[in-house]
Student: 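Following this message is one structure expressed as structure tokens.
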Number of protein chains: 2
Amino acid sequence: MEKIRIVIVDDHQLICDGLSRIIQEIPEFEVITTYQNPIEALQKIPVWKPDILLVDFEMPGLNGLELIQKLKLEIPDLRSILLTMHLDKATVKEALSQGVNAYILKNLDEFELRIALEKVRNDQNYYSAPVTEVLNDKYKVIQKNSNSQLESLSNREREVLRLIAEAFSTKEIAHQLSVEISTIETHRKSLLRKLDVRNVAGLVRIAIQEGLVT
Amino acid sequence: MEKIRIVIVDDHQLICDGLSRIIQEIPEFEVITTYQNPIEALQKIPVWKPDILLVDFEMPGLNGLELIQKLKLEIPDLRSILLTMHLDKATVKEALSQGVNAYILKNLDEFELRIALEKVRNDQNYYSAPVTEVLNDKYKVIQKNSNSQLESLSNREREVLRLIAEAFSTKEIAHQLSVEISTIETHRKSLLRKLDVRNVAGLVRIAIQEGLVT
DNA sequence: ATTTTTCTCCCTGTTTTCGGGGAGAAAGAA
DNA sequence: TTCTTTCTCCCCGAAAACAGGGAGAAAAAT
């Protein structure tokens, strides 16, 4: 039987090794390589043609979701599992809309990972309980603790906030989103008003607190 | 032969599982239990009487170093290995003075972990290369890349960075420190240059990453 | 004792942010 | 349908940030 070929991307070597060990114990899967640098991963993964990509969300330079998005352009049928430290509704939604096949938290156990792998192997999706709870607005407590402040923002505003926190200039953001600079300035003003802070420093703090960026 | 009994503490279950796997492959060692909650670990570890404690530094509630310190009060001859994401000179020094037996980075590989375990088993200490380099101030480059980006800053600059990240305006910072606005502007320019970022957003991110502010 | 770094302050000038508006088109909700 | 929100873009002006430089006094390192 052909084994399912997996590539792991996590900026910490030790984590890569640990995840590899867990996966190697499952006969149907094999880890063919791992990357610690998301930029390097982006360049080299296409030649490996993996079946499933297991990616950490929090990485320097390029986050896991961005990496998946970019790789999907080259490998359209790539299946992906996103691993994350924190739970953020906006990110979860974004991940789902980008066709991420599974989304699991690092504070879950290996069985959760096995289930996710098994599901993704069978072309199904898997989102762990806390993830779906966040999406279903069931546990308001979790939501409140995780991203209450961002709740008042529109999707566009959240996106702009993320980019501001990534230290992009207004001009760059406008270019990235293909709109006028004045539009981004308007969004920024709305963000300052809605989040009740006085400058970008305040915006960045909230964005990081809410897990919008790392 | 008696196996060396290890307890792992890391707030992420998946990381605990991964580390366990790596260690279980080494015949001399066995992981007897793992904890995700440092508070729970503090209460229950004494009854396990482990030989070696493998602890993540970055944990909510109680960091790894604090946990080791507190446990040492109850188990004076406990040996410990500290795992960390980032490298901070002050923390390394504190760890050494507290008698932490090994200090390794998560972005290192499993062989590093094996070496550390072997050393600690033989009542020796182990500090991975980047750690000792930080202490010796030899490899400034590695310092810059791994952590202590703050290491290159003067005390004054760190203070100004903290205040910027707290979302204070330049005028307010100048007033608080009883210096001219131009002085703070000079400090800010130095910060941008030394930390290699382009705007306050970048400064705030680093300040938060380095734990200068929350 | 000499050199280097730090802290302080200043200059000039450009770019960006911030605060206050207004306004039209489109999409969704009531 | 009407009302509301969102997204877009514009105006203005004041304030702040950014970029490049210089410079002296004090402190720290060598």
Side-chain angles (χ1 to χ4, degrees), chain A residues 89-90 93-94 97 137 147 149-207 212, chain B residues 89-90 93 134-138 140-141 143-144 148-207 212:
Chain A
K89 190 175 177 179
K93 283 189 171 174
E94 178 70 11
S97 72
D137 286 31
N147 65 357
Q149 306 196 70
L150 303 186
E151 213 55 49
S152 62
L153 306 183
S154 68
N155 291 332
R156 196 55 153 179
E157 285 163 347
R158 250 191 298 274
E159 192 171 14
V160 172
L161 173 59
R162 203 195 83 240
L163 292 167
I164 289 174
E166 303 259 20
F168 288 113
S169 71
T170 298
K171 199 188 286 181
E172 289 168 335
I173 297 172
H175 185 251
Q176 279 184 48
L177 301 182
S178 301
V179 293
E180 291 302 310
I181 292 174
S182 60
T183 302
I184 304 302
E185 285 172 340
T186 303
H187 285 316
R188 193 184 48 225
K189 279 186 279 191
S190 300
L191 287 167
L192 292 175
R193 183 175 42 77
K194 287 186 175 181
L195 299 176
D196 194 29
V197 292
R198 302 179 309 169
N199 49 37
V200 287
L203 292 179
V204 175
R205 289 188 69 179
I206 291 180
L212 211 55
Chain B
K89 191 175 178 179
K93 284 188 170 174
V134 163
L135 286 177
N136 296 337
D137 281 329
K138 274 184 190 164
K140 304 269 181 192
V141 188
Q143 252 188 63
K144 212 161 205 168
S148 251
Q149 310 187 64
L150 302 188
E151 212 58 48
S152 61
L153 306 183
S154 69
N155 291 331
R156 196 57 152 179
E157 285 164 346
R158 250 191 298 274
E159 191 173 14
V160 172
L161 174 58
R162 203 196 81 240
L163 292 166
I164 290 174
E166 302 261 20
F168 287 113
S169 70
T170 298
K171 198 189 286 181
E172 289 168 335
I173 295 173
H175 184 251
Q176 281 185 47
L177 300 183
S178 301
V179 294
E180 291 302 309
I181 291 175
S182 60
T183 302
I184 303 303
E185 284 173 340
T186 302
H187 286 316
R188 193 187 46 228
K189 277 186 283 190
S190 300
L191 287 167
L192 291 175
R193 182 175 43 79
K194 288 186 174 181
L195 300 175
D196 194 30
V197 292
R198 301 179 311 167
N199 49 36
V200 287
L203 292 179
V204 175
R205 290 188 69 179
I206 290 179
L212 213 54

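Computed from a predicted structure; not experimentally measured.
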Student: Is there a side-chain contact between A:E166 and A:E172 (heavy atoms, below 4.5 Å)?
Tutor: no

Student: Please state whether the phosphate of D:dT8, meaning OP1 or OP2, lies under 4.0 angstrom from any side-chain nitrogen or oxygen of A:H187.
Tutor: yes

Student: Can B:R156 and B:E159 be said to form a salt bridge (charged side-chain N to carboxylate O under 4.0 Å, His left out), step by step?
Tutor: CA-CA 5 Å; B:R156 196 57 152 179; B:E159 191 173 14; 3.2 Å; yes

Student: Within this structure, what is the CD1-to-C1' distance between A:I173 and C:dT17, rounded to whole angstrom?
Tutor: 12 Å

Student: Tell me the interatomic distance from B:I184, atom CD1, to C:dT8, atom C1', rounded to whole angstroms.
Tutor: 10 Å

Student: Tell me, do B:L203 and A:V204 make a side-chain contact under 4.5 Å, heavy atoms counted?
Tutor: no

Student: Are side-chain heavy atoms of A:L195 and A:L153 found at a separation under 4.5 Å?
Tutor: yes

Student: Nearest whole angstrom, please: distance from the P of D:dT6 to the CG of A:L191.
Tutor: 12 Å

Student: Check whether any side-chain heavy atom of A:N155 lies under 4.5 Å from a side-chain heavy atom of A:R158, and answer yes or no.
Tutor: yes

Student: Please write out the pairs of protein N or O atoms and N or O atoms of nucleotides 17-21 of chain D separated by less than 3.5 Å, giving the distance to one decimal.
Tutor:
from   : atom 1 : to     : atom 2 : distance (Å)
D:dA17 : OP2    : B:T170 : OG1    : 2.3
D:dA17 : OP2    : B:R188 : NH1    : 3.3
D:dC18 : OP1    : B:V200 : N      : 3.2
D:dC18 : OP2    : B:R188 : NE     : 3.3
D:dG20 : O6     : B:K189 : NZ     : 2.3

Student: Could you give the distance from NZ (A:K194) to OG (A:S154), rounded to the nearest 0.5 Å?
Tutor: 5.5 Å

Student: Can you name the nearest heavy-atom pair linking A:I173 to A:F168, along with the distance?
Tutor: CG1-CB, 3.7 Å

Student: Between D:dA25 atom P and B:R156 atom CZ, what is the distance in whole Å?
Tutor: 19 Å

Student: Cut-off 3.5 Å, no hydrogens considered: what does the side-chain donor-acceptor table look like for residues 180-188 of chain B, sequence neighbours left out?
Tutor:
from   : atom 1 : to     : atom 2 : distance (Å)
B:T186 : OG1    : B:S182 : O      : 2.9
B:R188 : NH1    : B:T170 : OG1    : 2.8

Student: Nearest to the side chain of A:V179, which nucleotide is it out of C:dC10, D:dT8, C:dC7?
Tutor: D:dT8

Student: If I take atom CD in residue A:E180 and atom P in nucleotide C:dG22, what distance separates them, rounded to the nearest angstrom?
Tutor: 22 Å

Student: Can you give me the bend angle of the helix from C:dA1-D:dT30 to C:dA30-D:dT1? Use the axis through the first five pairs and the one through the last five, nearest 10 degrees.
Tutor: 70°

Student: In whole Å, I'd like the distance from the CG atom of B:N155 to the P atom of C:dT8.
Tutor: 12 Å

Student: Let me know the distance between CG of A:L153 and P of D:dC7, rounded to the nearest Å.
Tutor: 10 Å

Student: When the distance from CD of B:E157 to C1' of C:dT6 is rounded to whole Å, what number comes out?
Tutor: 8 Å

Student: Under 4.5 Å between any side-chain heavy atoms of A:L191 and A:I206, yes or no?
Tutor: no

